[in-house]
Amino acid sequence: MLIMRHELLLIAITVILLLIEIFLPHDKKHKIILPAILLMALVTAAGFIPGPTGVLFGGMYGTSALILLMKNILNIGVLIVFIQSVSWLKLDDQKEKISEFFILLLSTLIGMDYMISSGDFLMFYLGLELATIPIATLAAFERYKEKSAEAGVKLIFMSALSSGILLYGLSMIYGTTGTVYFPEVAATFQSTPLQILAFIFFFAGMAFKISLVPFHLWAADVYEGAPINVTSYLSVISKGAAVFIFTIILYTVFAKIALMWRDVIYVIAILTMTMGNLFAMRQRNIKRFLAFSSIAQAGFILLGIIGQSQLGMTTVIYFVLIYIFSNLGAFGVATIISNKTGKESIDDYDGFYRTNPMLSLTMMLALFSLAGIPPIAGFFGKFFLFAAAAKQGLYILVLIAVLNTIVSLYYYLLIIKAMFLNRSDQPIGYFKSDGYTRLGLAICIAGILIIGFASPVYEFILKLSYGIY
Amino acid sequence: MFTYTVWIVLIPFFLFILIGFFGHKFKPLVSGVVGTSGLFASMALSYYTAYQYFFVVGKTGDVFGKIIGYNTVWLKLTEKLHIDLGVLLDPISVMMLIVITTVSFMVHLYSIGYMQGEKGYMRFFSMLSLFSFSMLGLVVATNIFQMYIFWELVGVSSYLLIGFYYTRDTAVAASKKAFIVTRFADLGFLIGILLLSFNTGTFDFLTLTDPNGVAITQGSGIMFLGLSTMTWSMIFIFMGGAGKSAMFPLHIWLPDAMEGPTPVSALIHAATMVVAGVYLVARMFPIFHFSAPVALDVVMCVGAFSSIFAAVIACTQYDIKRVLAYSTMSQIGLMMFALGVSGYGAEEGLGFMASMFHLFTHAFFKALLFLAAGAIIHAVHSNYMNDMGGLRKHLPITHITFLIACLSIAGIPPLAGFFSKDEILAAGHEKSMMLFILGLIISALTAFYMFRLYFSIFWGKQQQYHHTPHEAPKVMTIPLILLALGAVFAGFIPFSSFVTSDGKPFASHIDFAVAIPAVLVGVLGALTAMMFYMKETNIPETISRSLGGFYRAAFRKFYIDEIYLFITKKILFNYVSRPVAWFDRHIVDGSMNGISYVTNEVSTRIKGMQSGQLQQYAWIFVSGAIGLALAFIYLWTL
Amino acid sequence: MTNNQIMFFIFSAVIVIFSILTVTSRRILRAATFLLFVLVSTAGLYFMLRFNFLAAIQLTLYAGGIVVLIIFSILLTSHVGAKLEQPGLAKVIFSALTALVGAAVAIAAILQYKFPETVIPKERTNIEDIGQALISTGKYGYALPFEVISILLLAAMIGSIIIAKKRKD
Amino acid sequence: MDILTLFIVIPVITMIGIVFCKDHKQVKWAAAIGMGIQLLMAAYLIIHFLMERNAGNTAEMLFVKDVVWFPSLNIHYLVGVDGISVAMIGLTSIVIFAGVFASWEVEELTKEFFISLILLSSGVFGFFISLDLFTLFLFYELAVIPMYLLIGIWGSGPREYSAMKLTLMLMGGSALIMVGLLGLYFHSNPSGGQLTWSILDISKVHIPVDVQKFFFPFLFVGFGVLGALFPFHTWSPDGHASAPTAVSMLHAGVLMKLGGYGCFRVAVFLLPEAAHELGWIFIILTTISVIYGAFGAVWQKDLKYINAYSSVSHCGMVLFAILMFNKTAMDGAILQMISHGIMTALFFALIGMIYGRTHTRYINEMGGLMKVMPFLGVAYVIGGLASLGLPGFSGFVAEMTIFVGAFQNVDTFHRVATIIGVSSIVVTAVYILRVIGILLLGKIKNEHYEHLTDAKWHERLSTGVLIFGITAIGLAPLWLSEMISGGLGPIIQRLLLAGPVH
Amino acid sequence: MFEGVPLTWFLILATIMFFVGIYGFLVRKNLITILMSLELILNSVNINFVAFNKLLYPEHLEGMFFTVFIIAVAAAEASVAIAIIINIYRRLVNIDVENMKEMKY
């Protein structure tokens with residue numbers, strides 16, 4: 001029981017929320033917000049209580065201190081998303097569906113937790129689907145908006161296609177190894193053509209989740225169309241979870257063909273960073289912009305993965321942790337602007353600093369963190385990622401990556417330029433953000449500022465990642 | 001015992017600080033008086049030093065030794081090479097101390113009157129002090145780098161003083177030109193120092209110029225283009241000297257430098273700074289003589305050519321200060337020439353002695369000429385001979401002193417110029433007849449243009465003046481008189497018993513075979529000028545017309561200025577700087593911008609990938625997966 | 001030619017032909033019907049392989065559930081008998097090419113791979129075993145996936161309702 | 001708390017103080033006091049350092065403080081200074097102090113301006129005291145990034161373009177540095193065992209030559225970008241032209257020195273063999289920088305452009321000297337950094353003050369300013385003379401040390417390069433005098449200028465401090481030179497391993 | 001070999017079906033037909049799993065159970081997809097995939 005406590009707690013609060021929803025009168029639906037956030041906070045806190053780890057269900061489900069940490073990280077991210085989405089949920093259009101939003105998000109989180117903890121491909125597949133299908137409905141959540149519906153369509157169809165391809169790959173893995181349990185697969189997997197095909201198809205399915213080029217094309221459209229909080233959830237939590245399990249599977253299940261997948265990732269990493277950056281450069285919609293930016297970030301994460309070692313694992317987790325805070329910070333500001341004014345174009349941000357200095361500063365910190373500027377966390381995250389790749393001697397790859405960070409710095413600066421440098425006749429007026437938003441942003445800022453300096457965080461992760469690969 | 005000599009140098013420095021920073025707190029006159037009295041103190045110390053050096057310490061053995069009065073390490077470069085600041089006393093530096101402090105004092109005194117009412121009075125005095133400081137520092141330098149340091153300082157004070165009237169565009173241009181041309185020459189000096197110091201491992205004059213020292217006996221270095229490194233370094237160093245001493249072809253700044261106030265011209269561009277080049281060669285003379293005879297020949301040729309070249313131009317100019325400037329150039333050319341023909345050792349070094357002697361006497365009469373010219377300009381408010389005439393009645397003191405100076409420079413006995421010039425001609429004569437004749441021609445020309453100047457100013461046609469010209473105030477005439485005394489009597493000093501190439505005194509005598517022709521050509525020149533200019537005649541015009549192109553060329557200073565202008569404005573400015581600037585903006589910067597442009601362009605080109613069409617996405621997805629599979633199944637091998 | 005081979009060829013012919021018809025037919029309702037045929041013959045394959053339980057699920061859930069769902073939604077969104085637009089030629093060519101290349105690569109890889117030869121036990125899968133496995137928590141037990149899939153279905157249901165329900169005015 | 005950490009802490013405290021200030025005046029005074037304390041601290045540090053050295057403390061670095069930060073990656077907070085860093089700290093505190101007063105009249109977003117400025121300076125201080133490559137790099141980037149806002153918000157002209165260009169190019173440099181540093185780290189212990197970021201430790205190991213040769217260009221070019229190495233200098237003219245006064249001062253005065261210092265402390269010191277073997281390429285480039293920058297400056301019409309190109313030339317000299325591999329030249333390089341730092345800060349301060357009055361930077365539109373603003377005029381002339389290497393000012397000391405040092409190399413290549421470099425002194429004179437002539441002297445071109453005022457007290461203070469700096473070094477260079485060459489000892493020792501050093 | 005039917009036959013059949021499904025996904029315009037293509041893809045994978053299970057690894061029922069769960073997931077997916085399609089239909093009165101291009105570049 002305790003081994004599976006994350007999932008069980010989440011299921012429990014999902015059920016509680018369902019019950020509350022059933023008993024809430026129709027016009028008091030928004031009352032669920034506070035309990036939802038409190039419960040989530042409770043679960044997040046409870047996640048940190050040390051407990052047993054181990055393997056359940058004959059190896060289908062397994063957890064370790066490292067996996068618990070991943071789940072905790074995801075919990076924190078979801079909590080922030082919860083807090084950030086309050087201002088959006090209170091809008092008229094969403095009023096009736098508040099509890100469903102929470103329930104759906106929680107169910108995807110459960111899926112991710114199972115996915116991370118999976119010990120065989122079946123559980124992995126189910127977790128993946130549970131983490132994807134409800135999000136499609138969330139993407140189409142603003143059902144009165146065409147864009148939202150379009151986002152839903154693109155997400156569900158592309159995800160179905162990708163899971164089809166993934167399944168084809170899995171079937172071949174099963175066919176060639178005779179099992180779907182990770183340890184057995186790991187023991188016998190080799191690099192015959194059919195297995196390479198199987199691996200590539202599996203890889204494509206994962207790459208879809210992490211939105212790696214060329215499997216990323218859905219991301220920008222879905223991010224733009226989906227409600228902004230769902231977008232932030234997609235770009236941060238969903239991607240983070242996929243990265244976690246992807247890293248674990250690569251390091252454990254496919255350890256034998258590491259020489260091959262490293263080359264695959266080498267190619268994909270370069271493609272992803274470059275394409276993500278090239279597209280991000282020209283975006284004017286903030287959500288779309290952040291979508292491409294997060295594609296580029298995924299490319300950087302691959303550098304950590306490719307540094308297949310304890311260091312690689314650590315840096316990936318560390319980076320995702322920082323990335324969660326940074327990206328949610330940026331999305332948080334974009335959310336509040338979008339909800340208060342409906343403006344989502346970067347051009348509308350002109351002169352924003354002069355009307356809303358605190359929000360602008362938050363945005364700046366978040367973007368600098370994404371760009372990897374010291375002394376904030378993003379710098380450490382990115383530096384360590386590159387260090388992981390450099391440890392493998394892949395200096396050329398690192399060089400390409402750092403050159404890409406320059407391009408990324410360029411477009412992050414474009415937003416900062418809009419907010420700080422440009423002057424506008426009609427800037428977004430001053431507005432007061434509500435307490436939830438402030439709390440959410442404060443958590444993000446604290447994370448951005450502290451995690452970098454706080455070496456114990458890094459050392460803690462490092463200690464946990466010992467022996468995972 | 002000579003530690004106090006450092007104060008000769010430092011007093012002007014403190015004057016500079018004092019007047020420069022606090023001068024504006026008091027009335028202008030105060031700074032003048034303070035400056036002058038400071039210089040007087042310095043002068044007194046110099047005389048005392050000279051007395052002590054020559055008479056109290058005297059000779060050790062039978063030479064005047066080199067004494068380090070004061071020395072301190074200023075900057076350590078390597079273990080061996082360190083820049084020291086100090087005071088080196090030997091016959092030539094002591095002589096220079098006297099010349100500089102005397103002339104400087106005179107000029108200070110004169111300026112109290114001359115600069116009366118000028119805006120920037122205190123600025124003028126502070127800069128004069130700065131100049132005096134730099135010049136004194138230069139001559140007492142114990143090592144070549146100290147010399148270079150003060151060399152540069154001298155240059156900048158000259159720059160500041162030429163550009164004293166900074167609202168006048170010509171003055172600004174002239175100061176700029178002076179600085180840049182001498183700077184260019186200094187580049188040579190610096191390269192020379194680098195070569196020399198690398199070769200010999202020292203900056204120190206004592207080591208460098210010791211004929212038995214390591215520098216001379218071992219340091220000839222490798223050969224380059226047929227000349228030894230030592231020779232090259234000396235040629236380069238001489239380039240610096242030529243720049244400062246306005247030798248051809250680096251002389252172009254000197255005539256323009258007359259844009260500065262006249263006392264400045266007297267001090268810097270006649271008596272002291274411009275002879276720094278001569279002093280430099282004299283200072284390095286043993287090296288020139290022993291290690292780099294070729295360089296010494298260069299010195300001689302440049303000196304001789306400059307001398308005659310300038311003399312010819314001087315005959316055609318109308319601006320009195322310019323005439324004097326070319327005359328200065330010509331005289332310095334003579335000094336260089338004398339050094340060039342000199343040997344080493346007591347009697348052998350006649351040229352050396354002559355050069356120094358001429359430097360000494362020249363300082364008096366040339367300073368006198370300039371100061372007198374200043375008084376004239378002061379009186380008639382014009383620089384042009386054409387605007388003058390018949391001034392002898394209005395300016396009696398000026399007239400007399402000017403005449404004395406003219407006679408002196410023309411080499412009429414028994415004035416100072418006669419003695420020194422005679423020694424130079426004798427030195428030339430010893431070397432070869434050709435050089436002697438050249439010297440005679442120069443002498444004749446000198447006498448001619450000086451008296452041309454004299455007659456057209458003080459005689460010639462009577463001019464109508466706006467105000468009746470009147471004699472300058474006492475504070476200006478006293479220095480004239482004092483300097484005239486110098487110009488008369490300085491020649492009687494037995495120079496060879498004090499200043500010689502190796503410090504060993506010898507007795508010089510007048511060689512009549514040399515002296516008589518010299519005096520004759522001098523008189524001839526003077527008489528010709530008298531004939532041409534004492535009364536208003538049209539002879540000069542006739543002659544100039546008959547000379548035609550040559551005259552025009554001489555009048556336009558042989559187009560050297562134009563050539564320079566061509567090189568700097570056209571070549572350097574238009575064909576180097578401008579293309580560099582263009583290259584930088586368009587090629588170097590363009591390529592940086594090009595990177596961003598290309599990135600942007602690529603970004604725009606590939607936007608079609610994100611077409612919004614679900615099926616296209618799917619197609620890319622599927623073909624991406626298949627492509628990867630293909631690549632890794634068939635291409636990837638390990 | 002054994003019975004099995006004959007059966008296999010019949011089923012696979014049906015599957016391949018109707019698959020192609022499903023993706024090319026211009027009448028949407030017919031396409032749905034062809035899909036049904038494909039699914040049914042897949043169930044036949046399962047029967048042939050003696051996975052009776054699976055075949056039953058295939059028939060009820062897939063053929064019965066999903067296809068019916070699809071047909072309903074077709075009826076909801078299209079006019080019966082309306083012809084679909086023809087896709088663009090370039091699209092067809094590129095897609096076909098991709099599919100062909102993909103199939104070629106995959107088949108080549110399959111043929112290259114040396115699968116182990118095994119003796120097939122004759123007996124069909126016992127429904128009791130399946131039931132046991134479904135609630136077993138040990139290795140080769142599927143209690144956990146069973147629970148997870150139930151959450152998935154619940155979430156999908158909630159999500160579908162949220163999206164599809166009409167606005168209350 | 002140890003004295004070096006205070007150099008980071010004081011700016012941070014100052015920034016926090018500024019946040020709580022109420023009006024412009026308080027902000028300015030808070031900044032001035034903070035930086036004044038910093039200046040005093042620097043003076044104290046110099047004295048303390050010299051006393052320690054005189055007392056016979058010959059440790060390579062003094063005041064070392066070592067705190068483990070990321071144990072697993074062996075990242076330390078490791079600070080310490082030798083004569084070189086002490087000198088650079090002195091330079092920084094002078095320039096930032098003068099910079100605060102030079103920006104006394106910033107009206108727009110004053111608070112933000114001073115915070116960014118001081119943030120920048122804290123990055124610089126951190127850079128100079130760091131002995132750990134990781135923190136060194138961290139501070140390096142920290143110093144670069146506020147530039148974007150400083151130029152972008154408070155700049156003039158095409159400020160957005162310039163700010164972007166500058167930031168991207170400098171970050172491009174730091175990208176190369178990052179690769180180089182990672183390479184250093186992962187090769188810092190060829191025999192296996194604990195890897196290290198510590199400069200001191202890495203300097204004691206021998207990295208294989210081919211590895212060195214691979215990473216040296218990354219590090220040298222990377223730092224060289226900030227040191228305005230040809231052809232990566234083009235951010236400099238645009239950036240300086242657009243930057244507000246204090247930022248130009250700090251940037252040209254201090255930030256560009258980060259490049260030189262980095263080349264020196266990291267690239268050459270840690271990869272001596274590679275530096276020795278590949279040096280010739282960069283000698284060619286830096287020689288071009290020296291001459292090219294000077295010629296580039298001749299043609300410019302914008303005061304800031306002139307100064308920017310002049311900086312290219314002067315900073316080129318720094319890199320040039322570093323590559324000469326001998327103590328004297330390196331000594332000169334450090335002197336040149338300090339000298340150029342103060343000098344160029346003075347220039348930019350003056351340009352800013354002039355611009356603040358005339359509202360143009362085109363020299364052709366001005367003239368005769370000496371008459372209306374004698375103080376600024378004289379200061380400008382002093383700056384100019386210092387820049388063209390007049391004795392009595394720091395520039396002379398530095399340049400001569402470089403030239404003499406560089407000329408000590410035996411082979412013709414180095415010496416020819418030196419002579420080419422030397423000839424820049426003429427071109428420098430040309431453009432400096434040209435500017436002085438057109439700008440300050442002559443007649444007043446625009447009658448509006450007749451009524452301009454001369455420097456105010458804070459401007460006098462700002463320029464006064466800087467002029468004091470250049471003359472102090474220029475008149476009495478020995479102590480500084482000795483202090484620096486004390487720090488050069490180990491570096492030369494290390495270079496000796498690589499090849500002949502003279 | 002299953003009583004005369006080699007494993008590869010099943011696999012080739014499934015592969016053909018898979019790529020026919022892919023082809024359908026890439027060319028069909030109507031969203032529902034695309035959904036049908038998806039069902040083909042999933043179905044082909046199921047055949048793979050089942051065939052492997054029976055012909056190669058009959059000791060355990062992994063392949064079969066995988067298939068069961070895939071079918072269940074397919075059902076969920078289909079329901080969500082259809083819900084979204086219906087929603088789209090309400091917005092656009094049209095379920096042509098080529099109309100879904102409001103967001104691009």
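Just so we're on the same page: letters track the sequence lines, and every chain starts at 1. Basis for what follows: all heavy atoms, side chains included, without hydrogens, waters or symmetry-related copies. As the structure is a prediction and not an experimental result, all values here were calculated from the model.
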Does the ring-ring contact (aromatic ring centres under 6.0 Å, His included) test come out yes or no for C:F146 and E:F69, once each step is laid out? CA-CA 8 Å; C:F146 197 71; E:F69 286 109; 7.0 Å; no
What part of [X] gets closer than 4.5 Å to chain C, counting heavy atoms only: side chain, backbone, both or neither?
X: E:I84; value: both
X: E:V93; value: neither
X: E:N46; value: both
X: E:F25; value: neither
X: E:A74; value: both
X: E:I82; value: side chain
X: E:E98; value: side chain
X: E:Y89; value: side chain

Where is the tightest heavy-atom contact between [X] and [Y], given as atom of each residue plus distance?
X: E:A76; Y: C:L153; value: CB-CD2, 3.7 Å
X: E:K29; Y: C:P87; value: CE-CA, 4.1 Å
X: C:T24; Y: E:R28; value: C-NH1, 3.3 Å

Atom CD1 in C:I66, atom CD in E:E39: separation rounded to 0.5 Å? 4.5 Å
Only pairs of heavy atoms separated by less than 4.5 Å count here; which of C:A155, C:G65, C:A96 has the most with chain E? C:A96
Assert top hit (heavy-atom pairs under 4.5 Å, partner chain E, pool C:I57, C:L100, C:L61) equals C:L61
Best-contacting candidate, [options], against chain C by heavy atom pairs under 4.5 angstrom:
options: E:I22, E:T8, E:N30; value: E:N30
options: E:V73, E:I16, E:I71, E:V80; value: E:I71
options: E:I12, E:I34, E:D96; value: E:I12

Report yes if the side chains of [X] and [Y] come closer than 4.5 Å at any heavy-atom pair, otherwise no.
X: E:V5; Y: C:M7; answer: no
X: E:M36; Y: C:I70; answer: yes
X: C:F9; Y: E:W9; answer: yes
X: C:Y46; Y: E:T67; answer: yes
X: C:T98; Y: E:F19; answer: no
X: C:P116; Y: E:L56; answer: yes
X: E:L26; Y: C:F94; answer: no
X: E:I47; Y: C:T42; answer: yes

Aromatic ring proximity, centroids under 6.0 angstrom, C:F8 and E:F10: yes
Give me the contact list for residues 134-142 of chain C versus chain E, heavy atoms only, anything under 4.5 Å, ordered by residue number.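 Heavy-atom contacts from residues 134-142 of chain C to chain E are C:L134, C:Y140, C:Y142.
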